[in-house]
Amino acid sequence: MREISPRKSPCYCINLKRATNTITKFYDKKMESAGLTASQFSLLNDIRLLGTCSKAELSEYAKLDKSTITRNLLILRDKGYVKDLSTNGSRESQVSLTDLGLEKIEEGNMAWKEAQEYIKEKVGGENIVQLKKILDVIENDLSI
């Protein structure tokens, strides 16, 4: 079998996607010790910051579509990290963290901080500042 190296692409979209996949895998590996993925950890933190919230509010706050929120909330609920506070017949469910969810955030914080420091060290402090500015432009200033 021949050895194939990934193609270098001039496409910004493909390069960002590749970088995103790489960094997501890196953070997920770091978060394994807490039994969370990076996405789950982020969502738990979003709920902590919002307090009791609806899926729609969480979707808007996290900038994720409702189906992604719903899918992740089911996993977090099944693990006992969030609870659904909605009443029967309610159109918009309300969620909040459980005590176990708060503990999971604390467990994940150390791994997250280690990941952050490693990335900052690899990329360089000045480059991280520039990267954050670039990502803000991409996220906020590109219109579809």
Side-chain angles (χ1 to χ4, degrees), residues 1-86 90 92-144:
M1 186 167 159
R2 63 185 170 147
E3 188 174 317
I4 298 176
S5 298
R7 177 175 73 99
K8 298 289 184 192
S9 176
C11 178
Y12 304 129
C13 179
I14 293 302
N15 289 318
L16 279 168
K17 185 173 181 71
R18 288 176 179 173
T20 299
N21 289 340
T22 299
I23 203 162
T24 299
K25 287 177 188 174
F26 174 78
Y27 274 78
D28 283 350
K29 187 72 174 160
K30 285 286 190 183
M31 300 302 296
E32 276 181 355
S33 62
L36 296 168
T37 66
S39 295
Q40 291 167 350
F41 177 72
S42 180
L43 206 53
L44 287 174
N45 272 297
D46 290 342
I47 297 168
R48 181 183 57 82
L49 292 168
L50 286 172
T52 299
C53 59
S54 69
K55 290 178 189 176
E57 290 168 330
L58 187 55
S59 175
E60 184 178 336
Y61 188 72
K63 290 189 172 183
L64 296 170
D65 61 87
K66 285 184 187 177
S67 63
T68 299
I69 294 291
T70 299
R71 193 169 46 254
N72 280 290
L73 283 175
L74 286 173
I75 294 167
L76 294 173
R77 187 199 66 203
D78 290 348
K79 290 182 174 188
Y81 305 154
V82 298
K83 58 187 168 191
D84 188 336
L85 303 173
S86 54
S90 172
E92 189 60 54
S93 62
Q94 297 284 310
V95 296
S96 68
L97 290 177
T98 63
D99 289 340
L100 184 57
L102 287 168
E103 289 175 24
K104 276 295 165 182
I105 291 172
E106 289 306 312
E107 274 185 58
N109 270 331
M110 182 64 81
W112 178 81
K113 287 177 184 176
E114 287 175 11
Q116 289 284 102
E117 283 303 313
Y118 183 84
I119 297 296
K120 185 176 180 181
E121 181 182 307
K122 282 291 187 188
V123 173
E126 288 182 25
N127 289 335
I128 281 290
V129 171
Q130 191 62 30
L131 177 62
K132 286 165 68 174
K133 288 179 184 176
I134 292 166
L135 294 174
D136 282 345
V137 168
I138 290 170
E139 184 177 351
N140 298 311
D141 296 347
L142 294 183
S143 60
I144 298 175

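The figures that follow rest on heavy atoms only: side chains count, while hydrogens, waters and symmetry mates do not. Position 1 is the first residue of the sequence, and the numbers go up from there.
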Quiz item: Under 4.0 Å between a Lys/Arg side-chain N and an Asp/Glu carboxylate O for Lys104 and Glu107?
Solution: yes
Practice problem: Check whether any side-chain heavy atom of Ser33 sits under 4.5 Å from a side-chain heavy atom of Met110, and report yes or no. | Solution: no
Self-check item: Ile134 side, atom CD1; Gln130 side, atom CD - distance, nearest 0.5 Å
Solution: 5.0 Å
Practice problem: Could you please spell out the steps behind the side chain to side chain contact (heavy atoms under 4.5 Å, CB included) verdict for Cys53 and Val95? | Solution: CA-CA 6 Å; Cys53 59; Val95 296; 4.0 Å; yes
Quiz item: Would you say Ser59's side chain and Lys55's backbone share a donor-acceptor pair under 3.5 angstrom?
Solution: no
Quiz item: Taking all non-hydrogen atoms of both residues, which atom of Glu57 and which atom of Ser54 are closest, and how far apart?
Solution: OE1-N, 2.8 Å
Practice problem: Just do the salt bridge (charged side-chain N to carboxylate O under 4.0 Å, His left out) check on Lys120 and Glu117 with the steps written out, would you? | Solution: CA-CA 5 Å; Lys120 185 176 180 181; Glu117 283 303 313; 5.0 Å; no
Quiz prompt | Considering all heavy atoms, the nearest Ala115-Tyr27 contact | solution = CB-CE2, 3.5 Å
Quiz item: For the residue pair Ser39 and Asp28, what are the closest heavy atoms and their distance?
Solution: N-OD1, 4.5 Å
Quiz item: Does any non-hydrogen side-chain atom of Val82 lie less than 4.5 Å from one of Ser96?
Solution: no
Practice problem: To the nearest 0.5 angstrom, please state how far the CG atom of Leu76 sits from the CG atom of Leu36. | Solution: 7.5 Å
Self-check item: Spatial distance of atom CD (Gln40) from atom OH (Tyr81) [nearest 0.5 Å]
Solution: 8.0 Å
Exercise. Might you point out which heavy atoms bring Arg18 and Arg7 nearest each other, and give the distance in Å?
Key: NH1-O, 2.5 Å
Quiz item: What's the shortest heavy-atom distance between Ser9 and Asn15, and which atoms?
Solution: O-ND2, 2.7 Å
Quiz item: Which one of Ile69, Asp46, Thr70 satisfies the side-chain contact (heavy atoms from CB on, under 4.5 Å) criterion with Leu64?
Solution: Ile69
Practice problem: Return yes if some donor-acceptor pair links the side-chain N/O of Ser93 with the main-chain N/O of Asp84 below 3.5 Å, else return no. | Solution: no
Self-check item: Minimum side-chain heavy-atom gap Lys30-Trp112 below 4.5 Å
Solution: no
Quiz item: Can the ring centroids of Tyr118 and Phe26 be said to lie less than 6.0 angstrom from one another?
Solution: yes
Quiz item: How long is the gap from CG on Leu73 to OG1 on Thr68, to the nearest 0.5 Å?
Solution: 10.5 Å
Quiz item: Just wondering, more than 12 heavy atoms not from Glu60 lying within 6.0 Å of its CD?
Solution: no
Practice problem: Hey, could you give me the CD/CD1 distance between Gln116 and Ile128, rounded to the nearest 0.5 Å? | Solution: 8.0 Å
Quiz prompt | Heavy-atom pair of closest approach, residues Leu43 and Ala62 | solution = CD1-CB, 4.4 Å
Quiz item: How about Arg48 and Asn45: does a side-chain donor come under 3.5 Å of a side-chain acceptor?
Solution: yes
Exercise. Just do the side chain to side chain contact (heavy atoms under 4.5 Å, CB included) check on Tyr12 and Ile138 with the steps written out, would you?
Key: CA-CA 11 Å; Tyr12 304 129; Ile138 290 170; over 6 Å; no
Quiz item: So with a 6.0 Å cut-off around CG of Asp78, is the heavy-atom count from everything else above 12?
Solution: yes
Quiz prompt | Heavy-atom side-chain proximity of Asn109 to Glu106 below 4.5 angstrom | solution = yes
Self-check item: Side chains of Thr37 and Ile75 in contact at under 4.5 Å (non-hydrogen atoms)
Solution: no
Quiz prompt | Leu58 side, atom CG; Asn72 side, atom CG - distance, nearest 0.5 Å | solution = 9.5 Å
